[in-house]
Amino acid sequence: MSDGTSTLARLLAEGGVLVLSGAGISTESGIPDYRGPGGTLTRHTPMTYQTFTGDPVARRRYWARSYIGWRTMNRATPNDGHHAVASLQRRGLVSGIVTQNVDGLHQAGGARSVIELHGNLRDVVCLDCGHSSPREELDRRLTRANPRFGALPTAINPDGDVELPDEEIDAFQVVECQACDGGMLKPDVVFFGETVPAERVRECYALVEGARLLLVLGSSLTVMSGRRFVLHAAKLGIPVAIVNQGPTRGDDYAELTVDAPLGTVLPELVRLIDTIDTIDTGAVPTGSSR
């Protein structure tokens, strides 16, 4: 491992770490990111809130694609990076986790008290009455409404959307809210052009202010939604470390950057931290002798 990884391990070993994760931590679970190597923005324009609510045809296309994409997202399992973050949290080194992802893989990997900045695909909300329901329930209703819909995706995107031929989408039937009999349903995620709930943002700022170190994992920090927490940490003099494949818009504020796959780096950090703890306590590692 690089000197940067060893240095980062020593920083993490001191505790008080707030993790800010992005799509890059889930790529090794089969969910691509937007802007990393092979990112989907080169071929896919994410759905915006304004288009979803204002264009019935675009909304039908979204739900058709998301109906297929949900199956892939729902089958995704946490990778070594997710498990490593949970391991650091169990060791008491991670004070909080803020994720920009909507896949729920941090929690599936054992992490607790995760703030999902952009929501989660497992929930559906009615924009008219506010009723919330499980995605599994909506999936069953869409299956009943589209018994012969079996389109095959050509690619999946980080928001659970997939690429489908237009001719496969035209006959797809969208369902509406049952609680208010006709309301518009939307996945309980923050679309592009939509605002993150203010209370959620305040909670994230408070976590930054209480942290000793902000650790960014797998985010290019291109959009302000996540970058603002890096700027806030820098303003307060809180060190920032970034692990990502490729440059980010937060690199100028970071004391340390590591360019490497998270599924490789994060487990190695856990191993190095355990080595540091062993040396500091004078304990004898398993299988060794003095």
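Residue numbers count from 1 along this sequence.
Checked for salt-bridge contact, R61 and D55 miss the test: no charged N lies under 4.0 Å from a carboxylate O. For R202 and E199, the salt-bridge test passes: some basic side-chain N is under 4.0 Å from an acidic carboxylate O.
Here CG of L215 is found 8.0 Å from CG of L269. Values are rounded to the nearest 0.5 Å. Atom CZ of residue F229 and atom CE of residue M224 lie 10.5 Å apart, to the nearest 0.5 angstrom. Expressed to the nearest 0.5 Å, how far CG of D80 lies from OG of S87 amounts to 11.5 Å. For the atom pair CG of L88 and CG of L12, the computed distance is 6.5 Å after rounding to the nearest 0.5 Å. Atoms SG and CZ, on C177 and R141 in that order, are 7.5 Å from each other to the nearest 0.5 Å. Taking CZ of R91 as the reference point, atom CG of D274 lies at 4.0 Å (rounded to 0.5 Å).
The ring-ring contact (aromatic ring centres under 6.0 Å, His included) test applied to Y49 returns no partner, not counting sequence neighbours. With sequence neighbours excluded, the residues forming a side chain to side chain contact (heavy atoms under 4.5 Å, CB included) with Q173 are A145, N146, listed by chain and number. Legend: residues meeting side chain to side chain contact (heavy atoms under 4.5 Å, CB included) with T257, ordered by chain and number and at least two apart, are I242, D251, A254. Under the ring-ring contact (aromatic ring centres under 6.0 Å, His included) criterion, H131 pairs with no residue, sequence neighbours left out. Listed by chain and residue number, nothing satisfies the salt bridge (Lys or Arg N to Asp or Glu O under 4.0 Å) test with R75 (two or more places apart in sequence, or in another chain). Applying the side chain to side chain contact (heavy atoms under 4.5 Å, CB included) rule to D139 yields the partners Y67, W70, R71, T143; only residues at least two apart in sequence or on another chain are considered. Under the side chain to side chain contact (heavy atoms under 4.5 Å, CB included) criterion, D252 pairs with no residue at all, not counting sequence neighbours.
Between C129 and A179, the closest heavy-atom pair is SG-CB, 4.2 Å. Summarising the geometry of I31 relative to M73, their closest heavy-atom pair is CD1-SD, 3.8 Å, with the distance given to 0.1 Å. For A233 against V240, the heavy-atom pair with the smallest separation is CB-CG2, 3.9 Å. Summarising the geometry of A111 relative to V114, their closest heavy-atom pair is CB-CG2, 3.8 Å, with the distance given to 0.1 Å. The heavy-atom pair separating A76 from S29 by the smallest distance is CB-O, 4.0 Å. Nearest heavy atoms, C126 versus C180: SG-SG, 3.7 Å.
V270 places none of its side-chain heavy atoms less than 4.5 Å from the side chain of H83. By the 4.5 Å heavy-atom criterion applied to side chains, L11 and P239 are not counted as neighbours. In this structure the side chain of T99 never reaches within 4.5 angstrom of the side chain of L105, judged on heavy atoms. Side-chain contact check for L117 versus V190: every heavy-atom pair is 4.5 Å or farther apart. Contact check for V175 versus W63: no side-chain heavy atoms found under the 4.5 Å cut-off. Using a 4.5 Å cut-off on side-chain heavy atoms (C-beta onward), L121 and D103 make no contact. Side-chain contact check for K186 versus M47: every heavy-atom pair is 4.5 Å or farther apart. The closest side-chain heavy-atom distance from R271 to T275 is below 4.5 Å.
In this structure, S219 contributes its side chain and S21 its backbone to no donor-acceptor pair below 3.5 Å. Between the side chain of E28 and the backbone N or O of G263, at least one donor-acceptor pair lies under 3.5 Å. Looking only at distances, no side-chain donor or acceptor of D188 sits under 3.5 Å from a matching main-chain atom of V124. Formation of a donor-acceptor pair under 3.5 Å by the E268 side chain with backbone atoms of T5 is not found in this model. Although no hydrogens or angles enter the test, the distance criterion places no donor-acceptor pair under 3.5 Å between the side chain of S220 and the main chain of T248. R65 places no side-chain N or O within donor-acceptor distance of the main-chain N or O of I169, the cut-off being under 3.5 Å.
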S133 vs L138, test: side-chain contact (heavy atoms from CB on, under 4.5 Å). Steps then yes/no.
CA-CA 8 Å; S133 58; L138 175 65; 5.6 Å; no
Evaluation steps, side-chain contact (heavy atoms from CB on, under 4.5 Å), between L207 and Y205:
CA-CA 5 Å; L207 286 175; Y205 274 131; over 6 Å; no
side-chain hydrogen bond (donor to acceptor under 3.5 Å, both in side chains) assessment of T51 paired with T48
CA-CA 5 Å; T51 300; T48 67; 2.8 Å; yes
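I238 and L256 fall into different hydrophobic clusters, defined by Ile, Leu, Val, Met, Phe, Trp and Tyr side-chain heavy atoms under 4.5 Å apart, directly or through other members. The cluster map of Ile, Leu, Val, Met, Phe, Trp and Tyr, joined by side-chain heavy atoms under 4.5 Å apart, puts L142 and F149 in the same cluster. Under a hydrophobic clustering in which Ile, Leu, Val, Met, Phe, Trp and Tyr are joined whenever their side-chain heavy atoms come within less than 4.5 Å, directly or via other members, V94 and L20 fall into different clusters. No continuous path of hydrophobic side-chain contacts links V201 to V102 [ILVMFWY only; heavy atoms under 4.5 Å]. Residues V230 and I115 are members of one and the same hydrophobic cluster, defined by side-chain heavy-atom contacts under 4.5 angstrom among Ile, Leu, Val, Met, Phe, Trp and Tyr.
Within the structure, the salt bridge (charged side-chain N to carboxylate O under 4.0 Å, His left out) test picks out the following pairs touching residues 109-125 (sequence neighbours left out): E116-R122. Counting only residues at least two apart or on different chains, the salt bridge (charged side-chain N to carboxylate O under 4.0 Å, His left out) pairs with a member in residues 205-223 are E14-R212. Applying the ring-ring contact (aromatic ring centres under 6.0 Å, His included) test to pairs two or more places apart or on separate chains, none has a residue in residues 240-275. Here salt bridge (charged side-chain N to carboxylate O under 4.0 Å, His left out) pairs that include residues 214-230, with residues two or more places apart or in two chains, number zero. The stretch residues 106-130 participates, sequence neighbours left out, in these ring-ring contact (aromatic ring centres under 6.0 Å, His included) pairs: H82-H106.
Just one of V208, L214, V216, L18 meets the side-chain contact (heavy atoms from CB on, under 4.5 Å) condition when paired with V98; it is L18.
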